[in-house]
Participant: 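Here it is, the structure in full.
Every value quoted in this text rests on a predicted model; they were computed, and no experiment measured them. Lettering follows sequence order; numbering is per chain, from 1.
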Amino acid sequence: MTLSHDVVIVGGGGAGLRAAIAVAESDPRLSVAVVSKVYPMRSHTVSAEGGAAAAIRSDDSLDEHAHDTISGGDWLCDQAAVEAFVKEAPEELLRLEHWGCPWSREPDGRVAVRPFGGMRKMRTWFAADKTGFHLLHTLFQTSLKYERIDRYDEWYVTKLLVDDGRVCGVVAFELMSGRIEAITAKAVILCTGGCGRVFPFTTNAAIKTGDGMALAYRAGAPLKDMEFVQYHPTGLPFTGILITEAARAEGGWLINKDGYRYLQDYDLGTPSPKPVLRSMELGPRDRLSQAFVKEAEKGRTVDTPHGQVVHLDLRHLGSTVIDTKLPFVRELCLSYEHVDPVRELIPVRPVVHYMMGGVHTDIHGATPMEGLYAAGEVACVSINGANRLGSNSLPELLVFGARAGQAAAAFASTAVHGAQGGAAVRAQVEDERRRLEHDLLGRDGGKEPISAVREEMQATMEDGAGIYRSGESLARAADRLHALQERFRTARLEDHSRTFNTELVAALELSFMLDVAETIVHSALLREESRGAHQRTDFPARDDDRFLASSLIYRNADGSRQMEYPPVTITRWPPGERVYGR
Amino acid sequence: MTGKAQYTQFHPRWYRPRVPVLWWLRRRSYLLFVLRELSSVFVAWFVVFLLLLVYAVAQGPQDYQRFLDWSAAPGIILLNAVALSFVVIHSVTWLFMLSPHAMAVRLRGRRLPAAAIGAGNLVAWVLVSAIVLFLVLG
Amino acid sequence: MADLITLRVTRYRPENDTEPTTQDYEIPLRKEWAVLDGLNHIKDHLDGTLSYRWSCRMGICGSCGMTVNGEPRLTCATFLEDCAPGPIRVEPLRNFPVIRDLVVEIGDFMRKLPQVKPWVIREEEASIDSEYLQTPAELDQYKQFSMCINCMLCYSACPVYALDKDFLGPAAIALAQRYNLDSRDQGSAERMDVLSAAEGIWSCTFVGECTTACPKGVDPAGAIQRYKFTAAMESLKAFLLPRGTR
Amino acid sequence: MSKRSTEPLLWLLFSAGGVVAALLIPALLFLFGLAFPLGWVSPPHYAHLAAVLGHPVSRLGLLVFCVLALFHWAHRFRYALYDGLRLKHLEGAINLLCYGGALAGSAVAGYLLLTPW
Ligand SMILES: Cc1cc2nc3c(=O)[nH]c(=O)nc-3n(C[C@H](O)[C@H](O)[C@H](O)COP(=O)(O)OP(=O)(O)OC[C@H]3O[C@@H](n4cnc5c(N)ncnc54)[C@H](O)[C@@H]3O)c2cc1C
Ligand code: SF4
Ligand code: F3S
Ligand code: FES
């Protein structure tokens, strides 16, 4: 059986569903497939809490949103992309409103907005503190009305099919039955989300294993800015569950073990009882996470069985604000930390949260490979530069999901079908089938469980490529990862069943993660400066002369790596100093 | 769902657990549900009982007395005692568990909590019972 | 040395088994561990062949529903300590075919969901220059029913669904109600046919277990009963008023 | 008649019956079923009862009560047979028994309550 569509979208999160709807709306003749390793409404977009930014208020402007984004990203953003992004974000959020998203409202019925870290104006739309959940379910339910959208739920994509430099489909297997199939397409859009799981302590769900990044990388597409990994300053210890920035936006304080609002010592402004935009707790995430590390070095953090923590204090907000604006925060604290934020302090520490880097795309979501598009966290356009501002990611999914969908639809309407039956492609499918059936499913013996390799990879990344890194720590990490690649090849797989084999999935995810981890470490090693989320102790200053440039990492056919540094697009905002709280 | 629906619909290897015939013995809440549904039988019995009473009264004083005697027979008392307990199950579940959740009563834009509706129901029940007592006992 | 607790896990390997079996695993009893952490410990350190679904481990993706000690629960939000001393029985969700181990097949719900048209239906599409106004009170009308994470615990708890797989079921009806009650929607008439078919709301006998099981406070039982009232009023109107005057 | 058109009306009758049954029966059944027969309370005199029941409003009220309560029974009992005893395949017969019974009962009640004394 050959499965074939005009456009195949890998991933059913916010970006994937938005792209699917865009394809269906731009050309109803096209057949679209959404292939996702989990049911779409389980995608990680569901966990996003705080909100989605778009300038709609009369006191706000697109330029201000753009400037906040660019300075927040330490001038590594593609400014043309940012301009398109801030312009289209309000339209996209309004469209979602029309599709039924239950945005929180002002008394007069208008959509409400809240402040957010690094934003100069209140422009973050929110649906209480379950914004991503509502956004994803709205998109998913809306997508159900398009008959041309076919879904492959719980299908795992293992490989991109490439014919003469052009992407023409994917190989995937259905978890339920284990059958392995080629799904051919004129255009493929990757919307597989981020890769937080390469680190041990992350807010990211189990499924965020960087599959799409690795798929593209292995197929020959470049990954961009992989050294920029965002730590969120407030995760719950042990679980890594996120306490949304909205908690600080509503007026929460970060205090150290002495009850002192320590951010004032890190050039983030002076404390005031009410939240002040772009100041103190509403500074950008990179700076807050870095302040935590310094604070820990000074011995002013609290020691717990799950590491050092500081406290997030919401008590002064009162139960009414907490229950109407932050009900999920309270729910999460109560069930996972046995702490009631109305009366108690919430222990928090920085946690890996978001991948600024990803598959290199242009402003239309197109990658340098013909027929391959990407959008969402898997992609890097880049509007996030060296540090994403909270609440920019959800609108990014929508804006660039829609753009990628439209671009892919246009391409697919004009393109003749790739050589889907061509011998070269058939051979790739057979190779992949053999790899899955013999090398993985049929693997006998083996020394250690894959979880051992995974745990060591995660520890390696934390040690070598954490909030602060150095040439030395990164070089060590690179060596260890190299060794882990070897160990993965001989790790043990006990499950030989074809039916819902989650161990096979875990193995494939691990191999994707190892590739992604290597790109992170190598990109970080070669960027000899400190910028945004990338802080090198051996190169503590920003270096615009050498590195006002994106990093592109390619994999050559022989497996070797190659880097390029194309300069960042600057339209109207020349690089300046990042100033917060002043 | 291209080709998928047909493929998976009658999958031979899925295990389909069977529901036991006495499924409602499996959980307390299911048992309560079945008892609640059975209360309807006793509601119907009460209608019969009531009609017999009305008929007797319509026939005259002797028939009324005969009805009173008949209703004091141990069998009938037992039946009515069982019936009353079921009817109480019915009233309690209906007034305090079911209807408060089935109704969305709004007062000044806010939905009344279920407990408030239950309380309202209690008041209604007390009132109606008082009227009944008054009418019957004079 | 941490205390231990036993997880008694249902296994079903379709290639070999015709009936499910159970398997005991001893795992550390840690204060902060949910049942899901226990399963992950098994998967990573004791037995790589155990299959189950999970993702967000924060009670929002809806994938980790299982039957824990006989009750339908999200395993990422059910803590080992609260189930002590064990053995803790972990079974697949009831009322669904079991694909393998703790993984059930929910295609039935996925096919039913589109039937209730869970999207905003408008007579005419407004342009996207501005939002539809909706006051907090209007939002409040449907908000509760929009909280459903499709975790299927309610289907697993509902005895009517157990007996009659044609029943639309609690979550699908609650989601239809979510749109019916949304001030932006004008499609309630279009949803009426499916909802008030015999397999729709009328099959529900208000057992109420769906609401008890729901981890997100959706109250599908309430949604269904309220819709029964709406549907009944509609047909009463249709019955009493001659055609055309409606 | 299709299911769709009858089901809502039957449900309304069922619900209304549920309410009146819940409000009225406990007190009445307590009095006539237990309190009088067991002598806890002395039963009302014939004249009093005859006067109360002689009033057309009470008899009309009782008729409404009986009809609603019977349809309440019919609807609930039908589902109890469907689900509790898993007899859904006997749908036709069950419907006849339940709603037929309720109709017949209503007719008897009507006859008893509406024919002049
Ligand atoms: C806890 C948390 C809170 C957040 N809060 C906010 C916020 O308040 N505001 C904001 O703007 N951003 C927030 N973010 C960031 C934002 O939610 C994510 O960046 C965004 O949701 C990613 O969406 P996506 O569509 O790119 O990917 P996802 O939603 O992660 O979807 C990925 C999809 O790809 C599929 N997939 C992956 N690999 C494969 C494969 N190999 N085969 C088949 N399918 C595959 C998955 O099944 C899934 O459907 C938050 C992130 C986290 C972790
Ligand atoms: S209604 Fe509740 S129990 Fe049912 S699927 Fe939705 S969230 Fe889960
Ligand atoms: S448990 Fe089932 S019967 Fe109705 S009230 Fe809930 S759907
Ligand atoms: S893992 Fe997402 S709800 Fe439990």
Side-chain angles (χ1 to χ4, degrees), chain B residues 19 21 23-24 33-34 36-51 53-55 57-61 64-65 67-69 71-73 76-77 79-81 83-84 87-88 90-95 98-99 102 121 124-125 127-133 135-138, chain D residues 14-15 17-34 36-39 41-54 58-59 62 65-67 69-70 72-81 83-86 101-102 105-106 108-109 112-113 115 117:
Chain B
V19 183
V21 182
W23 58 266
W24 35 272
F33 160 73
V34 167
R36 190 185 92 191
E37 300 296 287
L38 280 183
S39 72
S40 65
V41 173
F42 297 95
V43 168
W45 155 249
F46 176 75
V47 172
V48 173
F49 184 68
L50 181 75
L51 288 175
L53 168 66
V54 171
Y55 180 69
V57 175
Q59 296 303 307
Y64 174 56
Q65 192 51 50
F67 174 86
L68 287 181
D69 295 344
S71 66
I76 302 297
I77 292 182
L79 176 58
N80 276 333
L84 184 62
V87 167
V88 167
H90 167 72
S91 296
V92 169
T93 52
W94 190 276
L95 296 175
L98 301 184
S99 70
N121 284 344
W125 181 80
L127 270 177
V128 170
S129 302
I131 296 174
V132 165
L133 287 181
L135 282 178
V136 172
L137 298 176
Chain D
F14 155 77
S15 306
V19 176
V20 292
L23 292 178
L24 279 169
I25 302 184
L28 281 171
L29 189 55
F30 174 73
L31 290 178
F32 286 96
L34 296 179
F36 301 152
L38 291 173
V41 183
S42 55
H45 291 299
Y46 174 75
H48 172 71
L49 216 48
V52 171
L53 286 176
S58 357
R59 279 199 280 161
L62 281 184
F65 166 79
C66 289
V67 172
L70 285 172
H72 173 82
W73 161 76
H75 201 69
R76 235 183 193 179
F77 196 56
R78 165 184 153 209
Y79 279 104
L81 293 179
D83 298 334
L85 295 182
R86 313 184 58 178
S106 301
V108 173
L112 287 178
L113 288 162
T115 46
W117 288 12

Participant: Can you say whether B/W125 sits under 4.5 Å from chain D via the side chain, the backbone, both, or neither, judging by heavy atoms?
Facilitator: both
Participant: Taking atom NE2 as the centre, does D/H48 end up with more than 12 heavy-atom neighbours from other residues, nucleotides or ligands that are less than 6.0 angstrom away?
Facilitator: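 Counting other residues, nucleotides and ligands, NE2 of D/H48 exceeds 12 neighbours.
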Participant: Who wins among D/S58, D/G17, D/G18 for the most heavy-atom pairs under 4.5 Å with chain B?
Facilitator: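 Greatest number of close heavy-atom pairs with chain B: D/G18.
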Participant: Given heavy-atom pairs under 4.5 angstrom as the criterion, report whether the side chain, backbone, both or neither of B/L137 touches chain D.
Facilitator: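 Contact with chain D: backbone and side chain both.
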Participant: Mind ranking B/A72, B/S91, B/A73 by heavy-atom pairs under 4.5 Å with chain D and telling me who comes out on top?
Facilitator: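 It is B/S91.
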Participant: Taking the side chain as everything from C-beta on, heavy atoms only, tell me whether B/V43 gets closer than 4.5 Å to D/R76.
Facilitator: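 When only atoms from C-beta onward are counted, D/R76 and B/V43 do not touch, as no gap falls below 4.5 Å.
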Participant: Does any backbone or side-chain atom of B/F49 lie under 4.5 Å from a heavy atom of chain D? Answer side chain, backbone, both or neither.
Facilitator: side chain
Participant: By a 4.5 Å heavy-atom criterion (distance strictly below it), what part of D/L34 contacts chain B: side chain, backbone, both, or neither?
Facilitator: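 Answer is side chain: those atoms of D/L34 sit under 4.5 Å from chain B.
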Participant: Between D/L31 and chain B, with a heavy-atom cut-off of 4.5 Å, which part of the residue counts as in contact: side chain, backbone, both or neither?
Facilitator: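 Side chain of D/L31 only, per the 4.5 Å heavy-atom cut-off to chain B.
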Participant: Are D/P37 and B/I76 side-chain neighbours, meaning at least one heavy-atom pair lies under 4.5 Å?
Facilitator: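 The answer is no; the side chains never approach within 4.5 Å.
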Participant: Kindly compute the distance separating CG (B/L53) from CZ (D/F36), expressed to the nearest 0.5 Å.
Facilitator: 9.5 Å
Participant: Is there side-chain contact between D/C66 and B/L50, with at least one heavy-atom pair below 4.5 Å?
Facilitator: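 Side-chain contact under 4.5 Å: yes.
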Participant: Distance check, rounded to the nearest 0.5 Å: D/L70 atom CG versus B/L51 atom CG?
Facilitator: 7.5 Å
Participant: For the residue pair D/L23 and B/L95, establish whether any side-chain heavy-atom pair is separated by less than 4.5 Å.
Facilitator: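 Yes; the side chains approach each other to less than 4.5 Å.
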Participant: Side chain of B/W24, backbone of D/D83: donor and acceptor closer than 3.5 Å?
Facilitator: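 Checked: no pair found.
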Participant: Among the options B/V34, B/D69, B/L98, B/V19, pick out the one with the most heavy-atom pairs lying under 4.5 Å from chain D.
Facilitator: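 Greatest number of close heavy-atom pairs with chain D: B/V19.
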Participant: Identify which part of B/A83 has an atom lying under 4.5 Å from any heavy atom of chain D, answering side chain, backbone, both or neither.
Facilitator: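 Contact with chain D: backbone and side chain both.
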Participant: Given heavy-atom pairs under 4.5 angstrom as the criterion, report whether the side chain, backbone, both or neither of B/V136 touches chain D.
Facilitator: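 B/V136 touches chain D through backbone and side-chain heavy atoms alike.
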Participant: Looking at D/H72 and B/S40, would you say the former's side chain and the latter's main chain have a donor-acceptor pair under 3.5 Å?
Facilitator: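 Answer holds: no.
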Participant: Got a second to check how far D/F32's CZ is from B/L68's CG, nearest 0.5 Å?
Facilitator: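 Nearest 0.5 Å value for the CZ-CG distance: 8.0 Å.
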Participant: For chain B, which of D/S15, D/G101, D/G105 has the most heavy-atom pairs under 4.5 Å?
Facilitator: D/S15
Participant: Can you tell me how far apart OG (B/S129) and CG (D/L28) are? Round to the nearest 0.5 Å.
Facilitator: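 Here the rounded value is 8.5 Å.
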Participant: Heavy-atom distance under 4.5 Å between the side chains of B/F46 and D/F65, does that happen here?
Facilitator: yes
Participant: Does any part of the side chain of B/V128, heavy atoms only, come nearer than 4.5 Å to the side chain of D/V20, both counted from C-beta?
Facilitator: no
Participant: Which one wins on heavy-atom pair count under 4.5 Å against chain D: B/V88, B/L79, B/V41?
Facilitator: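 Between B/V88, B/L79, B/V41, the count favours B/V41.
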Participant: Given that the side chain runs from C-beta out, which part of B/S39 has a heavy atom under 4.5 Å from chain D: side chain, backbone, both or neither?
Facilitator: side chain
Participant: Once the angle between the rings of D/Y46 and B/Y64 is folded into 0 to 90°, is it parallel (under 30°), tilted (30 to 60°) or perpendicular (over 60°)?
Facilitator: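 Correct class here is tilted.
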Participant: To the nearest 0.5 Å, tell me how far D/H75 NE2 sits from B/E37 CD.
Facilitator: 9.5 Å
Participant: Of all heavy-atom pairs between D/A27 and B/V132, which one has the smallest distance, and what is that distance?
Facilitator: CB-CG1, 4.1 Å
Participant: Give, as side chain, backbone, both or neither, the part of D/V19 having an atom under 4.5 angstrom from any heavy atom of chain B.
Facilitator: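 For D/V19, backbone and side chain are both near chain B.
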